[in-house]
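Just so it is clear: chains get the letters A, B, ... in the order the sequence lines come, proteins before strands, and each one is counted from 1. Being a predicted model, the structure only gives us computed values, none of them experimental.
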There are 2 protein chains.
Amino acid sequence: MKENHIGLRKTKQRELILNVISSAPGPVSVNEIAQLLEDCDKSTGIATIYRTVNLLLDNELIQCVRLHDAVQRYEPTNIPHHHHFHCSQCDKVYDLEGCYLHLHESTLKEGHQVNSHEITFRGICKDCKESS
Amino acid sequence: MKENHIGLRKTKQRELILNVISSAPGPVSVNEIAQLLEDCDKSTGIATIYRTVNLLLDNELIQCVRLHDAVQRYEPTNIPHHHHFHCSQCDKVYDLEGCYLHLHESTLKEGHQVNSHEITFRGICKDCKESS
DNA sequence: GTTCGTGCAAACCTTTTGCAGCCCA
DNA sequence: TGGGCTGCAAAAGGTTTGCACGAAC
């Protein structure tokens, strides 16, 4: 991981996994990572994928995105503030540009201090709408 | 199940489980439901709790709330549209009144059709702020 | 009495762990 | 060469399913 970060070894598998997560159009699950690696003939043991994902999480190179299904998905931490759209039909997740939340105060009327927020939209994605 | 909803039988266990979810101060997990039933000497098989929760979900009497930890929690659907505040310090979850999202179109600029949305705020809750 | 629901245990699925062999530094 | 990394398989944890008995109608 970037320049031997904290004594970690740079291996083919780790590069591949980080690359898959970084180049996906939205957050991906462990299964999707495994599938994508298989698709390009770079099959990797599932245990390695889990271990690598946890390693990347620990080093904050990726973060976990949790939507309405039970699946944990991962995305790079170095992308700008954004939110997600989750298709109810094909189950894919898309990144959305910008932020739809107009919240100017950092303290809510209930008195809680807000440090961050997450928004998830659900519905039917463009592709599913067009093919129906 | 409200008045024999769809041919479902009204049983002691189902009433208890719905009651536990409805009267909890916030969304509860399956484990919490099991614990609460045990506490009042109404222990129920874990399989029954899972089946009942899924039944209640199917009939939209409850809905699933997913925060940033891996736990699935459930709350009644018959409370008004609201969002959640999750305290990073004490881990409590608060319901927030109203909606901070000003979204007038139902189709995003990316072309996806929005049917619903969820917002979760994170930060420090009022109580934690005051006691620090 | 018939049908559906419950509880138990087994099955299942996802994630983690142990271990022997391999590979990077 | 040595210690971390991988892959396999087994284990662990959480959820679902099959089945026989019991409860609801």
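Distance CG (A:L57) to C1' (C:dT16): 14 Å, rounded to an integer number of Å. Taking atom CG of residue A:D58 and atom P of nucleotide D:dG4, one finds them 16 Å apart after rounding to whole Å. Rounded to an integer number of Å, the gap from CZ of B:R66 to C1' of D:dG14 is 13 Å. Between A:E15 atom CD and D:dT6 atom C1' the separation is 16 Å, expressed in whole Å. The separation between B:I17 atom CD1 and C:dG5 atom P is 13 Å, rounded to whole Å. The distance from atom CG of A:L16 to atom P of C:dC23 is 15 Å, rounded to the nearest whole Å. The interatomic distance linking B:L55 (CG) with D:dT16 (C1') rounds to 15 Å, in whole Å. Distance, A:Q72 CD to C:dT16 C1': 13 Å, rounded to whole Å.
Relative to the side chain of B:K10, the nucleotides D:dT17, D:dC25, D:dT16 differ in distance, and D:dC25 lies closest.
For the side-chain contact (heavy atoms from CB on, under 4.5 Å) test with A:I62, the passing option among A:N78, A:L57, A:L55 is A:L57; the others fail. The only option from A:N54, A:V20, A:V30 that meets the side-chain contact (heavy atoms from CB on, under 4.5 Å) definition with A:I49 turns out to be A:V30.
Each of B:K12 and B:V30 was assigned the nucleotide of DNA chain D with the nearest heavy atom; the assignment lying further toward the 5' end belongs to B:V30. Where A:Q13 and B:N54 each meet DNA chain D at their nearest nucleotide, the meeting point lying more 5' is that of A:Q13.
Checking A:N31 against A:Q35 by side-chain atom types alone, no donor-acceptor pair falls below 3.5 Å.
Taking CD of B:Q113 as the start and CG of B:N115 as the end, the distance is 5.0 Å to the nearest 0.5 Å.
Neither OP1 nor OP2 of D:dA24 sits under 4.0 Å from any side-chain N or O of B:R14. Contact annotation: B:T52 side-chain N/O to C:dG5 OP1/OP2 distance is not under 4.0 Å.
Between the side chain of B:R9 and the base of C:dC4 there is at least one donor-acceptor pair of N/O atoms closer than 3.5 Å. Applying the 3.5 Å distance criterion, the base of D:dT6 shares no donor-acceptor pair with the side chain of A:R51.
For the side-chain hydrogen bond (donor to acceptor under 3.5 Å, both in side chains) test, residues two or more places apart in sequence or in another chain that qualify with A:E32 are A:S29. Residues forming a salt bridge (charged side-chain N to carboxylate O under 4.0 Å, His left out) with B:E118 (at least two apart in sequence, or on another chain): A:R122.
Against DNA chain C, the stretch residues 42-49 of chain B makes heavy-atom approaches under 4.0 Å through B:T44, B:G45, B:A47, B:T48.
Ring planes of B:H112 and A:Y94: tilted class, angle from 30 to 60°.
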